[in-house]
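What follows is a set of notes on a single structure, which appears directly below.
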Amino acid sequence: MKTKYLFLAIAFASIFSSCKKEDENDSQSAAGKILFSTTVTNPSGDSGSGYLQAISNFSGGVNYDNRNAIPLGFGSYPCVCPSGNIYVFPDYMGGTELKLKRYILNGSQQLELQGAMTLPANSSAAIVVEASADKAYVCCQSLDLIIAFNPRTMTELSRIDVSSLRNEGVSAYPGAMYVRDNILYVALEQYNSQWMPVENAIEMALYNVTDDSFIKRIRNTSLGICGPTRPIDNQSIFEDENGDLYINCVGSFGYIPGLDAGIARIKKGETEFDPSYTFNLTNTKVDGLKCDYLNILAKCQYTSNGILYAYGYAIGLDPENTNTYTARTGAPVIVDLYNKTVKVIDGLPHTNGHGIAMGIHKGKIVYGSANEEYNGFCTYDPNTGNIESRVITVTGFPSFFYSFEK
């Protein structure tokens with residue numbers, strides 16, 4: 001059961017489907033300013049391989065295989081920082097090459113390895129945030145550990161042990177991180193041995209970026225939500241144009257009634273959860289969703305004016321499918337953070353837990369999709385409402401997307 005819930009925590013359902021053999025003559029792969037990764041799973045869906053590549057052509061239904069991609073660890077996404085550094089992690093559940101790797105796009109717009117740093121065994125490394133050109137942090141979630149390192153040299157600087165912040169019967173389990181006002185904000189999942197929360201409480205640890213000294217732990221039980229951040233999604237914490245921080249909380253992924261998902265806020269200039277901002281997703285009816293309510297927001301992309309695009313997951317979207325690895329329970333949604341509303345983007349397909357890529361390309365919102373008809377990417381234009389499906393297709397499930405052409 002422990003492994004099952006861990007996988008739900010990192011992927012919230014996965015899928016293997018037999019794909020039609022690709023015609024190699026129709027496949028392309030090239031350098032470019034668009035990054036995407038795919039996940040190729042085994043029949044059970046709980047293990048496999050990941051691949052990352054850069055492309056230039058994002059149109060016309062072109063198919064991309066993985067022949068020119070670099071390998072990724074299974075169960076984790078790359079992190080692209082504002083500096084342009086691209087971080088790639090080892091397999092989330094372990095593996096043979098336990099290294100954090102840093103890439104850039106070189107002058108030819110190809111992925112070029114700049115360095116690597118060895119990580120501790122069984123670390124479940126998943127998130128990188130950069131505080132400066134010479135200091136960054138990586139979460140080693142299964143070890144209750146954060147490693148500060150120099151991105152230029154990919155050498156370790158120091159370690160932050162969060163194990164002393166564990167509550168009774170749980171592990172602190174550091175999730176997504178964010179740096180604001182020289183403070184490192186670290187989400188504390190507080191998971192039990194089944195990788196589940198045990199109370200409706202959200203907690204974060206705050207550290208001084210200058211010397212990694214502990215500032216304080218913050219905690220809230222009045223908002224009625226738990227599970228701060230999806231541990232492998234670096235967009236789980238984001239900042240709006242007002243300087244306010246928002247934290248996507250995944251609750252118990254819909255499996256334990258009363259342990260709910262939602263969104264919390266820490267206002268600009270403050271270091272405590274805002275008790276006046278309450279957004280419980282579990283009891284917010286979703287416009288256009290046939291089962292009314294979502295269990296979690298599994299992937300987020302903030303834009304502006306309080307508008308958050310996301311993949312909302314609801315077990316009720318595929319109620320006849322009892323296999324959580326094959327259920328297509330993900331729906332593209334628009335979340336209004338200020339008015340606390342959620343609506344489905346009509347016309348975009350549902351997806352499984354691996355086909356969950358999201359990003360922005362030339363003003364359009366990009367959704368990866370592993371649906372009944374294809375594995376690939378579709379787009380939504382916020383200005384016109386236009387939808388384009390099957391923009392490109394891919395080999396494997398589209399798990400990550402990032403464009404340098406916003």
Side-chain angles (χ1 to χ4, degrees), residues 2 5-6 8-11 73 75-77 79 81 87 89-94 98 100 117 119-131 135-149 156-180 183-199 201-209 211-220 225-238 245-253 264 266 271 273 300:
K2 177 178 178 180
Y5 282 125
L6 171 59
L8 288 169
I10 64 173
S76 62
Y77 306 141
C79 279
C81 292
Y87 294 94
F89 304 93
D91 192 297
Y92 193 84
M93 298 295 290
L98 300 175
L100 174 68
M117 180 179 72
L119 296 168
N122 303 313
S123 59
S124 297
I127 299 287
V128 167
V129 294
E130 293 180 343
K135 190 171 190 178
Y137 298 91
V138 58
C139 264
C140 299
Q141 294 170 348
S142 291
L143 301 179
D144 281 355
L145 178 68
I146 300 164
I147 297 177
F149 66 97
E156 183 176 321
L157 299 173
S158 59
R159 295 189 174 192
I160 299 173
D161 185 348
V162 302
S163 60
S164 64
L165 302 179
R166 296 172 181 170
N167 294 332
E168 183 177 357
V170 297
S171 294
Y173 201 86
M177 303 178 290
Y178 198 90
V179 175
R180 183 182 71 169
I183 297 173
L184 174 69
Y185 290 79
V186 182
L188 300 176
E189 304 290 348
Q190 303 290 7
Y191 284 156
N192 63 14
S193 61
Q194 300 299 314
W195 301 91
M196 283 284 145
V198 298
E199 61 174 334
I202 49 176
E203 297 186 5
M204 299 185 80
L206 279 59
Y207 295 89
N208 189 316
V209 167
D211 58 6
D212 298 336
S213 58
F214 177 70
I215 298 174
K216 64 179 179 179
R217 169 166 55 177
I218 60 175
R219 174 180 168 89
N220 179 281
I225 56 178
C226 58
T229 79
R230 183 166 175 253
I232 60 171
D233 181 13
N234 67 335
Q235 296 291 325
S236 288
I237 306 176
F238 52 91
L245 285 186
Y246 289 85
I247 301 97
N248 177 37
C249 303
V250 297
S252 59
F253 308 93
I266 303 174
T271 56
F273 294 111
C300 300

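Hydrogens, waters and symmetry mates play no part in the numbers below; they use all other heavy atoms, side chains included.
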Answer whether the closest heavy-atom distance between the side chains of Ile160 and Tyr137 falls below 4.5 Å.
yes

Return the CZ to CG distance between Phe214 and Leu184, rounded to the nearest 0.5 Å.
11.5 Å

Pairwise side-chain contact, Leu188 with Arg219, heavy-atom cut-off 4.5 Å (strictly under)
no

Name all residues meeting the side chain to side chain contact (heavy atoms under 4.5 Å, CB included) criterion together with Thr271; count only those two or more places apart in sequence or in a different chain, and write none if there are none.
Ile183, Tyr185, Leu206, Lys216

Under 3.5 Å donor-acceptor, Gln190 side chain and Asn167 backbone
yes

In Å, rounded to the nearest 0.5 Å, how long is the span from CE of Met117 to OH of Tyr87?
9.0 Å

Can you tell me how far CZ of Arg217 sits from OG of Ser164, rounded to the nearest 0.5 angstrom?
8.0 Å

In short, Met204 meets Ile266 closest at the heavy-atom pair SD-CD1, 4.0 Å

Please step through side chain to side chain contact (heavy atoms under 4.5 Å, CB included) for the pair Asn248 and Gln235, ending with a clear verdict.
CA-CA 8 Å; Asn248 177 37; Gln235 296 291 325; over 6 Å; no

Identify, with sequence neighbours excluded, every residue that meets salt bridge (charged side-chain N to carboxylate O under 4.0 Å, His left out) alongside Arg159.
Glu156

Contacts of Asp212 meeting salt bridge (charged side-chain N to carboxylate O under 4.0 Å, His left out) (sequence neighbours excluded), chain-then-number -> Lys135

Might you point out which heavy atoms bring Gly175 and Ile127 nearest each other, and give the distance in Å?
O-CG1, 4.3 Å

Closest approach of Ile147 to Pro120 (non-hydrogen atoms, all atoms of both residues):
CD1-CD, 3.8 Å

For the side chain of Asp144 and the backbone of Ala172, is there at least one donor-acceptor N/O pair under 3.5 Å apart?
yes

Just so I know, are the side chains of Glu189 and Trp195 near enough to count as touching, which here means a heavy-atom distance under 4.5 Å?
no

Please step through side chain to side chain donor-acceptor pair (under 3.5 Å) for the pair Ser236 and Thr229, ending with a clear verdict.
CA-CA 5 Å; Ser236 288; Thr229 79; 4.9 Å; no

Would you say Tyr77 and Asn234 make side-chain contact, with heavy atoms under 4.5 Å?
no

Return the SG to CG distance between Cys140 and Asp161, rounded to the nearest 0.5 Å.
11.0 Å

Going through the checks in order, is the side chain to side chain contact (heavy atoms under 4.5 Å, CB included) test met by Leu100 and Phe89?
CA-CA 5 Å; Leu100 174 68; Phe89 304 93; 3.6 Å; yes

Do Pro174 and Val186 touch side chain to side chain, with heavy atoms closer than 4.5 Å?
yes

Under 3.5 Å, side chain of Ser171 to main-chain N/O of Tyr191, donor-acceptor pair present?
no

Could you report the tightest heavy-atom contact between Leu143 and Ala121, atom names first, then the distance?
CD1-O, 3.7 Å

Least distance between heavy atoms, Ser124 atom then Ser142 atom
OG-OG, 2.7 Å

Heavy-atom closest contact (Glu130 atom, Cys81 atom, distance):
OE1-CB, 3.5 Å

Go through the steps to decide whether Val128 and Phe149 satisfy the test side chain to side chain contact (heavy atoms under 4.5 Å, CB included), and finish with yes or no.
CA-CA 10 Å; Val128 167; Phe149 66 97; 4.1 Å; yes

Output the distance between atom CD1 (Ile237) and atom SG (Cys249), rounded to the nearest 0.5 Å.
9.0 Å

Worked check of side chain to side chain contact (heavy atoms under 4.5 Å, CB included) between Ile202 and Ile225
CA-CA 7 Å; Ile202 49 176; Ile225 56 178; 4.2 Å; yes

